[in-house]
Amino acid sequence: MKPYTLLRTLSTKLSSKHSSCTVTPWPPVRTAFDNWFESEIEDLRFSSSINQCTSAKWLGKALDLTISSQKMLIRSMSNLRSSQRPIDTKMVDEYLEDSVQLLDACNGLRERIDVINQYIKSIHIALHWIDESNEPSETAIRRAQSALSLCEAVERRCLELEKCGSNLRKLGEKISKQSYVTKEQFVDSYNDGDEFKEAIIGSRAMTIFVVTILGIAFSFKSRRGVPLIHLHKNSIWENSFHELHKEAKEEFDKRRKDGVKAMVDLDATASAAKKLREVIAIRGRSDLKSTAEMLRKTCIELEQRIRPFENKVNELFREIVEVRMGLFETCTM
């Protein structure tokens, strides 16, 4: 073969080989959702030390971000309809199917909040009888003891609400096994800035994660840990989410192994209630008032911190319903 013929042949083969390769633009085109979500997750991670992720304050911030991610998904749907681009029907069907379980999980959180409110009410009744006079009568002490026994019954009732956590664990495992976006589709998405794909994956992962840890946090004793959620880390926000999930899981699992309540605010009240039961059982009148006062302080703090969650969970429920309606509308256009 002549030299120039050999060179021409090699050139043709090389051109053919590289023509099928997709070149990822650098830096990649980041969607508005990717920029926003990564920033919000990082703010959540560093808003306080991660060992405070079991506090009501941190959990409230996490729930706020979950609600906002659903709102961003609704916005991305509106942009998708305006662009008249094709929609990934498989992805939509998966979300619609899973959102039914997320709505059930929201109802489960409502039940748990109701249980905690019953617990707080029983404590207030017990404290009422102890506050009856400077030296509560034996009858008043027995009534306080009876009210505190109701607290123990309420704690046991929480164990009956474990099904919600089991379903969400299965959803987390399902996400880990799914691959909505192949490597080639991912490159294409970065080229056209497919915000909808990122928004539906991100809002779904965040909702499963936060609803799950809330279910654990609102339990007096949970048998389950935080489920694993593995994402493919195609987007910048997925790396941040992975770190957030990892750090929170470690802290929740540590508290479970230590045998303490997952949420520090609930644990403080439950510990104070247990101490008062012990004091009453031995009729330790010298410590009765001071122990009751400590329980009152932690109970009031718990009541104040748990109150906003009811409205937030209701708002999340409404946002998921609105997303479902929007997806139905988008698919029928």
Side-chain angles (χ1 to χ4, degrees), residues 24-25 27-44 61-103 105-106 171-172 174-176 178-211 229-242 244-245 312 315-333:
T24 305
V29 179
R30 295 184 64 184
T31 65
F33 180 86
D34 188 11
N35 280 309
W36 170 80
F37 206 32
E38 188 234 352
S39 174
E40 292 294 319
I41 292 174
E42 289 299 301
D43 284 347
L44 181 61
K61 290 180 180 179
L63 184 52
D64 286 339
L65 177 53
T66 303
I67 293 167
S68 297
S69 72
Q70 295 292 330
K71 293 179 185 292
M72 288 291 284
L73 176 54
I74 292 169
R75 194 193 79 168
S76 71
M77 275 192 289
S78 176
N79 295 339
L80 181 68
R81 286 193 291 267
S82 301
S83 67
Q84 297 184 334
R85 287 164 49 196
I87 189 170
D88 188 332
T89 54
K90 178 187 175 184
M91 183 184 293
V92 170
D93 289 342
E94 293 277 2
Y95 186 94
L96 289 172
E97 179 184 343
D98 296 345
S99 63
V100 174
Q101 293 188 48
L102 289 173
L103 292 173
C106 287
L171 275 183
K174 184 177 177 183
I175 279 188
S176 301
Q178 287 171 343
S179 179
Y180 287 135
V181 186
T182 65
K183 196 67 177 176
E184 291 75 17
Q185 290 171 330
F186 168 63
V187 172
D188 291 341
S189 295
Y190 261 167
N191 285 331
D192 59 21
D194 194 346
E195 183 177 68
F196 175 73
K197 286 180 182 176
E198 289 193 298
I200 199 169
I201 294 171
S203 62
R204 181 168 171 255
M206 180 60 75
T207 304
I208 291 172
F209 167 61
V210 172
V211 170
I229 301 178
H230 292 296
L231 297 174
H232 297 284
K233 301 183 186 177
N234 288 333
S235 303
I236 304 299
W237 70 261
E238 288 176 306
N239 291 293
S240 296
F241 177 83
H242 172 76
L244 174 71
H245 176 271
K312 289 176 191 256
E315 185 178 2
L316 177 60
F317 187 95
R318 289 193 299 270
E319 291 299 331
I320 295 174
V321 170
E322 189 170 346
V323 167
R324 284 175 55 82
M325 293 172 61
L327 289 173
F328 280 125
E329 181 184 344
T330 301
C331 289
T332 54
M333 286 180 63

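- Note that OG1 of Thr89 and CG of Leu327 are 12.0 Å apart. Values are rounded to the nearest 0.5 Å.
- In plain terms, the two heavy atoms of Ser203 and Tyr95 that are nearest each other are OG-CE1, 4.3 Å.
- Take Ser240 and apply the side-chain hydrogen bond (donor to acceptor under 3.5 Å, both in side chains) test, not counting sequence neighbours, and it matches Glu42.
- Note on ring orientation: taking the six-membered ring where Trp is involved, the planes of Phe33 and Trp237 are perpendicular (angle over 60°, cut-offs 30° and 60°).
- Proximity of Asn79 to Arg75: side-chain heavy atoms (C-beta onward) are separated by under 4.5 Å at one or more points.
- Using a 4.5 Å heavy-atom cutoff, the side chains of Asn239 and Glu38 are not in contact.
- The nearest pair of heavy atoms linking Val92 to Ile200 is CA-CD1, 4.5 Å.
- Of the inter-residue distances, the one linking Trp36 atom CH2 with Glu198 atom CD reads 12.0 Å to the nearest 0.5 angstrom.
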key: Chi angles and distances behind the side chain to side chain contact (heavy atoms under 4.5 Å, CB included) call for Ser39, Asp43   = CA-CA 6 Å; Ser39 174; Asp43 284 347; 4.0 Å; yes
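- Shown here for Ile67 and Lys312, the closest heavy-atom pair between the two residues is CD1-O, 3.4 Å.
- The CG atom of Leu73 lies 11.5 Å from the OG atom of Ser78; values are rounded to the nearest 0.5 Å.
- In this structure the side chain of Val323 never reaches within 4.5 angstrom of the side chain of Ser99, judged on heavy atoms.
- The structure places CG of Asp64 at 10.5 Å from CG of Leu316, a figure rounded to the nearest 0.5 Å.
- By the 4.5 Å heavy-atom criterion applied to side chains, Phe37 and Thr31 are not counted as neighbours.
- A donor-acceptor distance shorter than 3.5 angstrom exists from the side chain of Thr66 to the backbone of Ala62, with no hydrogens or angles considered.
- Counting only heavy atoms from C-beta outward, the side chains of Lys61 and Leu65 never approach each other to under 4.5 Å.
- For the pair Glu315 and Lys71, the minimum side-chain heavy-atom distance is below 4.5 Å.
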Ile41 vs Met206, side chain to side chain contact (heavy atoms under 4.5 Å, CB included): CA-CA, chis, key distance, verdict: CA-CA 10 Å; Ile41 292 174; Met206 180 60 75; 3.9 Å; yes
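- In this structure, the side chains of Phe196 and Asp88 stay at 4.5 Å or more apart for every pair of heavy atoms.
- Note that CE of Met325 is 14.0 Å distant from CD1 of Ile320, once rounded to the nearest 0.5 Å.
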